[in-house]
Amino acid sequence: MNKRKDLVIISIHKTNKLYFAAAFSQKGKIVRIALPQTNLEDLVTEISNYHPKFIINNMYDEIVGIIAEIYHGNTSNFDIELLELNISNESSHETATLNTTFERDVILEVASIPHGQVKTYKEIATAVKTQGYRAVGTAIGKNPFPIVVPCHRVVRSDGKIGGFRGGKQMKIEMLINEGFKIKSDKILLEK
DNA sequence: GATTGACGCCGAG
DNA sequence: CTCGGCGTCAATC
C-alpha cells in the first residue's frame, strides 16, 4: 500500500451525517483526501493506512469543509495548487503522493473536468495519448484526491456509470448532487 | 513473463 | 439487452 513516513496533519469536517477528512503535509499541501464515512474512526483508519504518522488538528477544517460542499454538489471550484502532485520515484520527495507520471497525467486530465460535466474513460485515455483504457481506469481508481479531482465525473463510453472506490452508489449520489439524471445504471446526458 | 484491472468494441444469442 | 471474447497497456506478482 505504499506507506509514507512523513508526519501529516488530518483535519476533519462533519455535515449532517457524513464525516470528511483530508491529510496535509508539513508544507500545507493536501496529500490525501478520504471518501466520506458515517463513522469517524473508519475515516481516520483509511488515511492512516497510507500515513501511519499523523496528528489530528483543526487548522485545515475550513478547507475540508469546502471539499464537503463539492461533494454535495456546490459549484465551488477548488485551487488545484493545494494538492501535492509530486511523484515519488521522480525525486524521492518525502511528501510525494503520486507514483508515476502516467498517474499524474491522468489525474490532471480528470481535474480539468468542470462541475456538471462528465467525460468517458476513453476520452481521458485519448487526452493522455494512450489506448490503455483499462490502465486509465486503474489510475483513476487510485486517485488520492477524490471529490476535488472529480473521478466521479468519468463514466463509461456506453453511458454506464462505471466503478468507484467508495462504491458505485456513492458515485451515483455525487452525480445526482451535480444535477445529473441516472436511470438503471446509465447517465442521461441532458440532465 | 503472466496476471489483473473503476474499459472499449464487436458479434452472437 | 446481455454475454463472451479479444484488444490494449500500466502496475503488480
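As the structure is a prediction and not an experimental result, all values here were calculated from the model. All chains are named by letter (A, B, ...) in the order of the sequence lines, taking the proteins before the strands, and each is independently numbered beginning at 1.
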Correct closest heavy-atom pair for Tyr71(A) and Met174(A) would be CE1-CG, 3.4 Å

Nearest to the side chain of Thr130(A) - dT12(C), dA10(C), dA6(B)?
dA10(C)

Value in whole Å for how far the P atom of dG5(B) lies from CG of Asn143(A)
19 Å

So Lys129(A), base contact, sugar-phosphate only, or nothing? Heavy-atom distance under 4.0 Å.
nothing

Give the nucleotide from the list dG8(B), dG5(B), dT2(C) with an atom nearest to the side chain of Thr120(A).
dG8(B)

Looking across every strand, which nucleic acid part, if any, lies under 4.0 Å from Gly132(A) by heavy atom: base, sugar-phosphate, or nothing?
sugar-phosphate

Flag the pair Arg32(A) and Glu46(A) as a salt bridge only when some basic side-chain nitrogen lies within less than 4.0 angstrom of an acidic carboxylate oxygen.
no

Listed nucleotide nearest any side-chain atom of Ala135(A), set dC9(C), dG8(B), dA11(C)
dC9(C)

Which residue lies toward the 5' end of DNA chain C, Thr138(A) or Lys186(A), if each is placed at its nearest nucleotide?
Lys186(A)

When the ring centroid of Tyr60(A) is compared with that of Phe24(A), is the distance short of 6.0 Å?
yes

Does a salt bridge link Asp105(A) with Lys129(A), judged by any charged N lying under 4.0 Å from a carboxylate O?
no

Taking any strand in view, what nucleotide pairs with dC9(B) in a Watson-Crick or G-U wobble way, both distances under 3.5 Å?
dG5(C)

By nearest atom, which of the nucleotides dA6(B), dA10(C), dC9(C) is closest to the Gln131(A) side chain?
dC9(C)

With a non-hydrogen cut-off below 4.0 angstrom, is Phe164(A) in contact with a base, only sugar-phosphate, or nothing?
base

Taking the minimum atom-to-atom distance to the side chain of Lys160(A), which one of dC9(C), dT2(C), dG7(C) wins?
dT2(C)

Which nucleotide in the list dC9(B), dA6(B), dT2(C) gets nearest to the side chain of Lys122(A)?
dC9(B)

Just compare dT2(C), dA10(C), dG8(B) and give me whichever is closest to any side-chain atom of Ser157(A).
dG8(B)

